[in-house]
Amino acid sequence: HVTDGVQSGNSLTIRHLLSHTSGIPDQHFADSPVDGESLAGHYVAMMEDGDVSDVPDRIWTRDDLVDRFFEYRLHTVPLFPVGESYQYSDTNYLILSLILEKVSGKDMEALYEEFVFEPVGLLRTFRETAAPAPVEGELAHHYWLIDADRDINIDLQPLKGLASLDFGSPASGGITSTPSDLALFIDTISKPGFFALDETSEIMRLPSLNSLGEVNETSFHKAYGLGIARLGLPSGRQVYGHCGFWGVCMAYWPEGDISVAVALNQVAGLEEAMPEALDAVLKAVTP
């Protein structure tokens, strides 16, 4: 976290990382000062003609992503001074995974199983590059409409190299699940009894002032707490949860004590489609 030759990394806290207020750029989407391109942008450029035969099969590991972060000097272009604004960045949670492994002496697969999958009862959830699927069946195909005018709609499921940009970050992506498991997860962590301190759920849902003031934030998560965002739906409902880049969203509606999860198979247009989809599901299950 270097600005004008001054290092600010020693002022970062766990809360900065959890709340995306660190100013650390996203290893996937931040443009590098070396070549002016982002890693995700590099892959998109290879798909723009609709021919994905030249998209590499390389599986990015977490170490690969860390090495690239420094090789492409992303640490020299922080988004803002530590704690002074908000922008969603997967790199924050990559760093959190390194911290978790160091203090626990266990890898993330073991930590997921011990603290999340087993206690919540997630029977169809796993890390795709770290473990075999716990149930039989094909993975859903998801698509990215790169160019609507030319009908270039890329099937992403076979492109493991592209998908591994998430798979390589064991705390910021790479989890394969089902809507029913996701609804169970968000429901469980939103209720008393899961965390050692019952107030943890409320603390996680409380948006930081930085996120509320960042009107230019382009993700779903415009009111972000600690791993959980408050989402305003067209009906006026306020739900709490998290949405993923690839078209999945889980949400808890406190007033109705209802948890839902929605999976769409198209990346393009999610900003508009997902709130309406969540609203439609809540309307269907509300007495």
Side-chain angles (χ1 to χ4, degrees), residues 20 25-32 36-58 60 65 86-91 93 128 138-169 172-179 182-183 211 214-224 229-235 237 239 241-251 260-283:
H20 294 290
D26 190 293
Q27 73 257 13
H28 305 141
F29 298 105
D31 290 337
S32 163
E37 188 177 46
S38 69
L39 182 55
H42 174 69
Y43 275 91
V44 171
M46 288 188 286
M47 300 188 296
E48 284 180 332
D49 59 358
D51 179 7
V52 297
S53 61
D54 57 344
V55 176
D57 291 330
R58 172 182 178 176
W60 289 81
L65 292 170
Y86 159 84
Q87 186 161 325
Y88 195 98
S89 170
D90 282 328
T91 310
Y93 279 68
E128 187 169 344
E138 293 186 6
L139 296 176
H141 287 240
H142 46 288
Y143 298 84
W144 194 340
L145 186 63
I146 299 293
D147 190 323
D149 293 335
R150 294 185 293 156
D151 195 28
I152 296 178
N153 197 28
I154 305 299
D155 182 357
L156 299 167
Q157 202 275 341
L159 302 181
K160 298 300 183 184
L162 175 62
S164 74
L165 300 185
D166 281 332
F167 294 169
S169 304
S172 64
I175 297 292
T176 298
S177 189
T178 63
L182 288 175
S211 69
E214 189 55 60
V215 296
N216 294 321
E217 169 58 24
T218 57
S219 76
F220 295 102
H221 308 124
K222 297 179 175 65
Y224 199 90
R230 187 180 70 202
L231 309 171
L233 304 184
S235 65
R237 292 185 179 96
V239 298
H242 206 284
C243 297
F245 180 80
W246 301 112
V248 178
C249 199
M250 57 184 177
V260 299
V262 171
L264 306 178
N265 68 346
Q266 175 58 253
V267 174
L270 285 177
E271 291 268 342
E272 299 77 23
M274 187 60 78
E276 294 183 3
L278 287 170
D279 241 356
V281 173
L282 284 172
K283 182 179 179 180

S.K.: Are any of the side-chain heavy atoms of Asn153 and Gln266 separated by less than 4.5 Å?
M.R.: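 Sidechains of Gln266 and Asn153: in contact.
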S.K.: With heavy-atom distances below 4.5 Å as the criterion, would you say the side chains of Ser177 and Val248 are in contact?
M.R.: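 A side-chain contact is absent here, since even the closest heavy-atom pair is not under 4.5 Å.
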S.K.: Is the count of non-hydrogen atoms from other residues, nucleotides or ligands lying under 6.0 Å from Asp57 atom CG greater than 12?
M.R.: no
S.K.: Without swapping roles, check the side chain of Asp279 against the backbone of Leu233 for a donor-acceptor pair under 3.5 Å.
M.R.: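 Here the side-chain-to-backbone pair does not exist.
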S.K.: What heavy-atom pair brings Gln157 and Ala140 nearest, and what distance separates the two atoms?
M.R.: CG-O, 3.5 Å
S.K.: What is the minimum heavy-atom distance between Glu271 and Lys222, and which atoms define it?
M.R.: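 Nearest heavy atoms, Glu271 then Lys222: OE1-NZ, 3.7 Å.
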S.K.: So Val239 and Leu282, do their side chains get closer than 4.5 Å, heavy atoms only?
M.R.: yes
S.K.: Looking at every heavy atom in both Asp51 and Asp49, which two are closest together, and how far apart are they?
M.R.: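 Heavy atoms of Asp51 and Asp49 come nearest at N-OD1, 3.0 Å.
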S.K.: Distance alone, cut at 3.5 Å: any donor-acceptor contact between the side chains of Gln87 and Asp26?
M.R.: no
S.K.: For the residue pair Met274 and Gly247, what are the closest heavy atoms and their distance?
M.R.: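 Here Met274 and Gly247 meet closest at CE-O, 3.6 Å.
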S.K.: Quick one: does His20's side chain have a donor or acceptor within less than 3.5 Å of a partner on Tyr86's backbone?
M.R.: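 Answer holds: no.
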S.K.: Decide yes or no for Ile154 and Leu159: does some side-chain heavy atom of the first lie under 4.5 Å from some side-chain heavy atom of the second?
M.R.: yes
S.K.: Considering non-hydrogen atoms only, spot the tightest contact between Pro25 and Ala30 and give its length.
M.R.: CB-CB, 3.6 Å
S.K.: In the structure I gave you, are the side-chain heavy atoms of Tyr143 and Leu156 within less than 4.5 Å of one another anywhere?
M.R.: no
S.K.: Measuring from Leu231:CG to Arg237:CZ, what's the distance to the nearest 0.5 Å?
M.R.: 13.5 Å
S.K.: How about Pro56 and Tyr43: do any of their side-chain heavy atoms sit closer than 4.5 Å?
M.R.: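 Pro56 reaches Tyr43 side chain to side chain.
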S.K.: Look only at the side chain of His221 and the backbone of Cys243, and say whether a donor-acceptor pair between them is shorter than 3.5 Å.
M.R.: yes
S.K.: I'd like to know whether Gln27 forms a side-chain contact (heavy atoms from CB on, under 4.5 Å) with Asp90, so could you lay out the CA-CA distance, the side-chain angles of the two residues, the decisive distance to 0.1 Å, and finally the verdict.
M.R.: CA-CA 7 Å; Gln27 73 257 13; Asp90 282 328; 4.1 Å; yes
S.K.: CG/Asp147 to CD/Glu48 distance, rounded to the nearest 0.5 angstrom?
M.R.: 8.0 Å
S.K.: Quick one: closest heavy-atom pair of Tyr224 and Ala229, and the distance?
M.R.: CD1-CB, 3.8 Å
S.K.: Any heavy-atom pair between the side chains of Asp155 and Val52 that's under 4.5 Å?
M.R.: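 Heavy-atom side-chain distance check fails, nothing below 4.5 Å.
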S.K.: Nearest 0.5 angstrom please: Met46 CE to Ser53 OG, how far?
M.R.: 10.5 Å
S.K.: Hey, are the side chains of Phe245 and His28 touching, using non-hydrogen atoms and a 4.5 Å cut-off?
M.R.: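 Side-chain contact under 4.5 Å: no.
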